[in-house]
Amino acid sequence: MYLKTFSSRVLFKVLNHGVVASSKPLSAAAAPLVRSSARGYYNTGKPRDPGPGRAAHARVVDLRSDTVTKPGPAMRQAMAEAEVGDDVLREDPSVNELQHIAADMFRMEAALFVPSGTMSNLIAVMVHCRERGDEMIVGDLSHLHIYEQGGSAQIAGVHATTATNLPDGTFDLEQLESKIRHGYPDPHYPRSRLICVENTHNIQGGRVLPLTFLQEVRALADRYGLSVHMDGARVMNAAVAQRVPPSTILQHTHTVSVCLSKGLGSPVGTMLAGPRDFISQAVRCRKALGGGMRQAGILAAAGKLSLLEMVERLEEDHRNAKTFAEALLDCDPPLFAVDMAAVETNIVRFRLEEPSLSPSEFCARMGQVGEGEEAALGQGIQVLMYPHFGNSVRAVWHLGISPEDTQLAIQKMQFVASQFLEEKVRGQ
């Protein structure tokens, strides 16, 4: 189901420390992002109180993550009318249908409905790495390595070694090959079992892994008898960006985890897909981890709509993200750096060029209604974003953000930039 789009002719631009209307075409200049060892971005709060004397009902544009999506009326109706049964007994018809849809769409033998992406990735590691002390190779900036609490080690007893994620989310293949252990059964070493890739790559800004890279990773894995698992939380964004069916991407992996509750709009759920014997083992692991659900068809009904009706509309998110990124570069004097070549999907990661304005302060300013904002913009606007890696800011588009919302975010960004530059001039 597509969002109703809105037209907006209002586009503000920062000029001479002020906010004025502009019809100037947006620049597409690129600026590289700097790698950082910083960890974490889930450190900003909910919409701030606008404060005394300010707008009590500001427009909120939530760009923190595509996990904030909410099911619309059609999805809620499908959930209310879902036919259900006991899924632990494999008797929920809605869950069974969802699993068949996913397996067919991904061109894999079977699929399993799992409560979350983190559990889905953990199950994949548990099944692929059959013995405690086995080893997987993951990207050093992968979600699985950084944001999943080390569950593979903590729960599954699986050791991880890392390959350096390049700016486009890929690995150097020679380095990847060097990480594969060859000493088994020498008791000094773990046994290499699994290579994990992430597509799109979250920390690197929603980058789409090239099909040639995936083909080469699979060839390397086959040469050494390893499996390839894709954390494909946003693989549907990758498929839309590359204009290919997801199966074209997934033919180079053994298994995949695909999130239904991000850009696809479901309230809960992830699909884990792979060979039939893999999924049989995954069912056991899901149960052990507490992920066996009973009348889960209510949730599966939402998942069916996500896969069948919500994929094509991801292109709108990509367009909106690019529109915002171009507006960042149109700021005059330049205050933001963004690599336009890296804006491939629904995530925009950008740097602040002004050392005295930190990502945290910028996000705080964007999230509150500033003095004079209602007079300048006609209303209060709260834009929610997260500080991110490499002294950067991350903004994520999703089905809750329309083209009109994107223009509001641009207006607010330019107002914040204008206010900051005026304050800087006064302070000199």
Side-chain angles (χ1 to χ4, degrees), residues 26-44 61-68 139-143 145-147 164-170 198-210 231 233-235 237-238 240-241 262-263 314 317-331 334-355 357-367 383-398 401 405-406 409-410 412-414 416-417:
L26 297 173
S27 168
L33 288 166
V34 178
R35 188 182 186 86
S36 167
S37 60
R39 290 290 186 264
Y41 54 84
Y42 296 109
N43 54 359
T44 60
V61 181
D62 195 341
L63 303 178
R64 290 174 298 172
S65 176
D66 44 9
T67 61
V68 303
D140 66 332
L141 294 180
S142 66
H143 194 282
H145 182 58
I146 293 177
Y147 294 127
T164 302
N165 277 122
L166 302 177
D168 64 354
T170 65
E198 182 178 336
N199 193 19
T200 64
H201 199 282
N202 175 19
I203 286 177
Q204 297 293 32
R207 298 305 300 269
V208 178
L209 300 187
D231 176 358
R234 297 182 176 91
V235 74
N237 292 87
V240 168
K262 292 186 170 69
L314 294 174
D317 299 339
H318 299 179
R319 286 196 302 269
N320 289 337
K322 187 159 291 192
T323 296
F324 184 82
E326 289 171 338
L328 290 170
L329 292 178
D330 200 39
C331 183
L335 188 61
F336 308 100
V338 58
D339 180 1
M340 288 302 301
V343 185
E344 297 179 304
T345 55
N346 64 321
I347 300 176
V348 177
R349 181 183 169 201
F350 59 95
R351 273 194 301 117
L352 296 157
E353 296 281 66
E354 174 55 57
L357 181 60
S358 70
S360 294
E361 182 183 350
F362 174 77
C363 290
R365 287 172 178 254
M366 290 290 286
V383 180
L384 308 182
M385 302 176 176
Y386 277 133
H388 200 58
F389 276 60
N391 198 40
S392 67
V393 175
R394 187 188 84 151
V396 186
W397 272 258
H398 50 82
I401 304 299
D405 293 324
T406 302
I410 290 171
K412 179 57 178 270
M413 172 271 293
Q414 293 167 338
V416 167

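Positions are given from 1, in the same order as the sequence printed here. Here the structure is a predicted model, which is why all the values come from computation and not from measurement.
Only one option out of D66, T345, T200 pairs with R234 in a side-chain hydrogen bond (donor to acceptor under 3.5 Å, both in side chains); it is D66. Put simply, the residue from D317, T323, T406 that forms a side-chain hydrogen bond (donor to acceptor under 3.5 Å, both in side chains) with W397 is T406.
Of the inter-residue distances, the one linking D405 atom CG with F324 atom CZ reads 12.5 Å to the nearest 0.5 angstrom. One finds the CD1 atom of I401 at 8.5 Å from the CG atom of N320 (value rounded to the nearest 0.5 Å). The CD atom of E353 sits 11.0 Å away from the CG atom of L328 when rounded to the nearest 0.5 Å. Annotation: the span from D140 atom CG to S142 atom OG amounts to 7.5 Å, rounded to 0.5 Å. Note: L335 CG to M413 CE = 9.0 Å, rounded to the nearest 0.5 Å. Between the CG atom in L63 and the CE atom in M366 there is a gap of 7.5 Å [rounded to 0.5 Å].
Residues passing the side chain to side chain donor-acceptor pair (under 3.5 Å) test with T67 are S65, sequence neighbours excluded. By the side chain to side chain donor-acceptor pair (under 3.5 Å) test, N199 is found to be paired with no residue, residues two or more places apart in sequence or in another chain being considered. Applying the side chain to side chain contact (heavy atoms under 4.5 Å, CB included) criterion to P334, with sequence neighbours excluded, gives D332. By the salt bridge (Lys or Arg N to Asp or Glu O under 4.0 Å) test, K412 is found to be paired with E373, residues two or more places apart in sequence or in another chain being considered. Looking at residues two or more places apart in sequence or on another chain, you find a side chain to side chain donor-acceptor pair (under 3.5 Å) between T170 and D168. Shown here are the side chain to side chain contact (heavy atoms under 4.5 Å, CB included) partners of A342, two or more places apart in sequence or in another chain: R207, D339. Under the rule for a side chain to side chain donor-acceptor pair (under 3.5 Å), the partners of E361 that lie at least two apart in sequence or sit in another chain are R365.
R349 approaches G205 most closely through the heavy-atom pair CB-CA, 4.4 Å. Closest non-hydrogen pair, R394 versus R64, comes out as NH2-O, 2.9 Å. Across all their heavy atoms, N391 and P359 have their closest contact at OD1-CD, 3.1 Å. The two residues H398 and D62 have their closest heavy-atom pair at NE2-O, 2.8 Å. Taking both residues in full, the closest heavy atoms of C363 and V393 are given as SG-CG1, 3.8 Å, listed atom of the first, atom of the second, then distance. L141 approaches I203 most closely through the heavy-atom pair O-CD1, 3.2 Å.
At least one donor-acceptor pair under 3.5 Å links the side chain of Q204 to the backbone N or O of L166. Proximity of a side-chain donor or acceptor of N346 to a complementary backbone N or O of V396 within less than 3.5 Å is not detected.
At least one side-chain heavy atom of M385 sits under 4.5 Å from a side-chain heavy atom of F350.
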